[in-house]
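Presented below is the structure to which this report refers.
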Amino acid sequence: MIYKTNEYLGYPDRISVPAGEAVRFQLSSKRPSVKVEVLRLRCGDVDANGPGFKYEVMTSSIDGEHACLDQPIRPGSNAVIDHDGALVPTGGHWCFGAYVYPTRIADNAKAVMGNWCERSARGYALELDEEGTLVLVLGQASGTPARFALDVKLRPRVWSFVSCALDLSQGSASLSLIVPPDGVRPAAAHSKSFALPQALALDSGLPFLIAAHHLNGDRQYSAHFDGKIEAPRVLSRPLDAEALRVFDGRQRTGASDAGLVAFWDFSNGISSLSVKDLSPNGLHGRLRQLPRRGVTGFHWSGSVHDWRLSPQEYAAIHFHSDDIYDCGWQTTCTLDVPAHWRSGVYALRLTSGGDNPDRDCESYVTFFVTPSKASRRADLVVVASVATYLAYANSALRLYQVHFETLMEHVLWLPQDDVFMQENPEIGQSTYDCHVDGSGRAYSSWLRPILNMRPRGYWFNLINDTHILDWLEEKGIAYDLITDVELDREGARALAPYRVMMTPTHPEYYSFNMMNAIMAYQNAGGRHVSMGGNAFYWRCGFHPAAPAALEVRRGMAGTRTWESEPGEVHLAGTGEPGSLWRHSGFAPQKLVGVGFSAMINDTCGYYLRTAESEDARVTFIFEGTGRHEKFGDFGFRYNGAVGSEIDRYDLELGTPPHALRIATSEGLGAGALPTPEEFRTVVDGLDGTQNALVRADMVFFETINGGAVFATGSITYGMSLGHNNYDNNISTITWNVVNRFLDPRPFVMPATA
Amino acid sequence: MDHTSDPAALRYVIDPKRLDLVEEFRASPLGVHSPELRKLLARMRWGRPEGRLVLIVLEPGKAWRLSRIPKRRGDPMPFVDDRVFTSLVEAEWHVFKLRWQEMTGTTLPAEVSGDL
């Protein structure tokens, strides 16, 4: 059957919920009602060649049909300033302007600042039209709005100062554009004066906006600006354009600037969603839909790359017409998760219900149930990689990347969710994708539908991870599940109740708290089974003021599909350097013994044991297997346990000296290519046929206080567990590791360590 | 612009006389290929996404159908024809032939272009 997977869309208000607490679901459909069931997933993979789609249907208070609204997604960020009329010109002089750095001039007008409302045609604003021409829009008491244009176009990705001076007593206006010199381009200035019509209607009765117009009076917005805006200002006294441009908004003690109405300083509160007005009027505002802060402004000197060291140089905000943090939908149903439910991966199954349901209409909303504070804990906890799921949420790599088919080495296979994303781009894409203006997406939130984090969606990450849950269930190993959110918020306390933690196929995105929590846990005697590859790779953060969003900055190295603009590597939310953990002195090798080495774009490989594997310290791992077996020369989907993305041992990068490299990969070819931070000069011999560093290593080491770490160094390892009805050598060694790790007998670090 | 973002970054020119490479590909569309065929395939697969042929998964692991990436985000994404593939290898071969025609302007002779 060909399923329609997007007839219903939805998202939870919280991505993880402890048993015994409530989670609200916001659903949308063109259909008037939806049938809801709650599933606990064992294996979320519908592929007919895998272990099968396995789940338990729960009995819940929200089972059954619910009325469903058709709820739109309205992307686009802007600032909103409530002003009680203080930002409405009332007579005499009114000068306003801002630095702008447009990154996309196309399709429709792009608002800079004003209170203009399209529906009522009242208010005033500066905007760039679809050609990039600066336009002053003014409401009139009757008739169509007045529009005055400067007959010169702004260029994309050039800083300019745009402004307008109104003289309402004389009935005149002037528009100005000042382009400061840059590179070989000389300074330029343009201005034009206009006579104003008689009866203006400049008060829309609505908040003042930066980077958008009001669509109507219902807090809906339009004409979102793509690009940076810096230091917008309003004065009620006459100033020529250059004087307005160089006006210093900083207020001296005891000295007031006559006629200063507002001066918004975006360098203030970069890690927040508020915008501060320096004027005595206190016309502070708030940001919606999470535009990017901590970006270089007009005054960036290039001498600092960390906005915390010189915020004044980072006084711009980069707005996007396709920023989306929170869809803001109405709640459809609230699930009180019973206290006795087991933790795990859960999903709402949404179908059409009624007497005559469409059997091909089936959609999911995934969420995670964590143990209640009071519930008995299993000895093993799986940490679901929510940060990674978010980083990849609605990934459109298959749709829009130049290199992606060459990378995958086959015609791209697009799930129908990709078609939906192409046709409905307002859903917002992943941190691998670019905004409509070509700049990389730094944010991804769970307050919107995520198509590739659900059954019947693309399998990378979450669905692959459920193969590990399936194996745990099959082997009767009791486990709890928490997520990266608990690890980030609660740190090592989230892991403390457990003897063993397991990270799944691809725990790539890690915040500071998450990394340190695992290190602390391991050093306190915890045991860590690291099942995946490309693990503990990007240094990222949940945004403190927008906690449903992950923030990622792509540094100057690493495998990545976009690159941060110069000077924009530090996270706006926390200030810490984005980029790779390797570049923050905490390479994954330091945590689990192995770290990212290569991507496998063609055939997957397998492991062979090393001489070190004969050490008595690891005898338990290989019990029941042969010394010279190929480990994992099989597996679902990838056909090998060494594949997709693989990690290697490296003492210089922090692998503990006593770690044992117990197996290493074989069988990799020309499509196995190193990650860019692994070489400093491009030379022949980099691919897997020649490069000894293009490999996955399996490692084991003990930690102080009786703990230990086992790492597989490969994303595809988990998809080999179910081969031959779970009877295979990958399953055997994993079982041996888990079994011994669950045993309270302490591990002992060798004396030489 | 960096290499992986530049649609024109690959300079390989497909030689329409290299039917040996066509035969090698046809023998194993998803297999391991010679260095020369890898270059040809990399060139075929590289470029601006707009207009690129892609397979839409109708049923995972079972059925696929051809479409193209549209010009603009938000545009509809119709199928290009009625054919439903039940084998990825056959789909790969079909797309190879379409691209050969598009990129070399020549039609493959019957003896190397038949179904698998």
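Residue numbers begin at 1 in each chain, while the letters A, B, ... track the order of the sequences. Small disclaimer: the values here were computed from a predicted structure and weren't measured.
A pairwise comparison of heavy atoms in K62(B) and A48(A) identifies CE-CB, 4.4 Å as the closest pair. When all heavy atoms of I2(A) and E59(B) are compared, the pair lying nearest together is CG1-CG, 3.9 Å. Smallest separation of non-hydrogen atoms from P60(B) and V46(A): CG-CG2, 4.0 Å. Heavy-atom minimum distance, P425(A) versus G74(B): CD-CA, 3.7 Å.
Of the residues considered (V95(B), D75(B), D6(B), L30(B)), D75(B) shows the highest number of contacts with chain A, using heavy-atom pairs under 4.5 Å. Among the candidates I69(B), T4(B), D2(B), L53(B), the residue making the largest number of heavy-atom pairs closer than 4.5 Å to chain A is T4(B). When the candidates G47(B), A9(B), G61(B) are compared by the number of heavy-atom contacts under 4.5 Å with chain A, G47(B) comes out ahead. Chain A forms more heavy-atom pairs under 4.5 Å with one residue of W46(B), W64(B), F96(B) than with any other, namely W46(B). By number of non-hydrogen pairs under 4.5 angstrom with chain A, the leading residue of R43(B), M44(B), R48(B), R99(B) is R99(B).
Annotation for D82(B): atom CG does not count as buried by contact number, only 12 or fewer foreign heavy atoms lying within 6.0 Å.
Neither the backbone nor the side chain of L41(B) comes within less than 4.5 Å of any heavy atom in chain A. In this structure, the portion of D322(A) lying under 4.5 Å from any heavy atom of chain B is its side chain and not its backbone. Using a 4.5 Å cut-off between heavy atoms, R398(A) touches chain B through its backbone atoms (N, CA, C, O) alone. Only the side chain of D107(A) comes within contact range of chain B, with heavy atoms under 4.5 Å apart.
You'll find the side chain of L55(B) stays beyond 4.5 Å of the side chain of L412(A), heavy atoms only. With contacts defined as side-chain heavy-atom distances shorter than 4.5 Å, the pair S67(B)/V419(A) does not qualify. In this structure, L88(B) and W413(A) have side chains that are in contact, with non-hydrogen atoms separated by less than 4.5 Å.
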Margin query: What verdict does the side chain to side chain donor-acceptor pair (under 3.5 Å) test give for Q422(A) and R72(B), after you've listed the backbone C-alpha separation in whole Å, the side-chain angles of each residue and the deciding distance to 0.1 Å?
Written below: CA-CA 8 Å; Q422(A) 156 61 29; R72(B) 295 163 54 98; over 6 Å; no
Next item on the list: Please assess V57(B) against Q416(A) for the test side-chain contact (heavy atoms from CB on, under 4.5 Å), listing each intermediate value before the final yes or no.
Entry: CA-CA 6 Å; V57(B) 182; Q416(A) 299 201 56; 5.8 Å; no
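The one candidate from R45(B), R38(B), H33(B) that meets the side chain to side chain donor-acceptor pair (under 3.5 Å) condition with E409(A) is R38(B). The side chain to side chain contact (heavy atoms under 4.5 Å, CB included) test with L399(A) is passed by exactly one of M77(B), E50(B), R52(B): M77(B).
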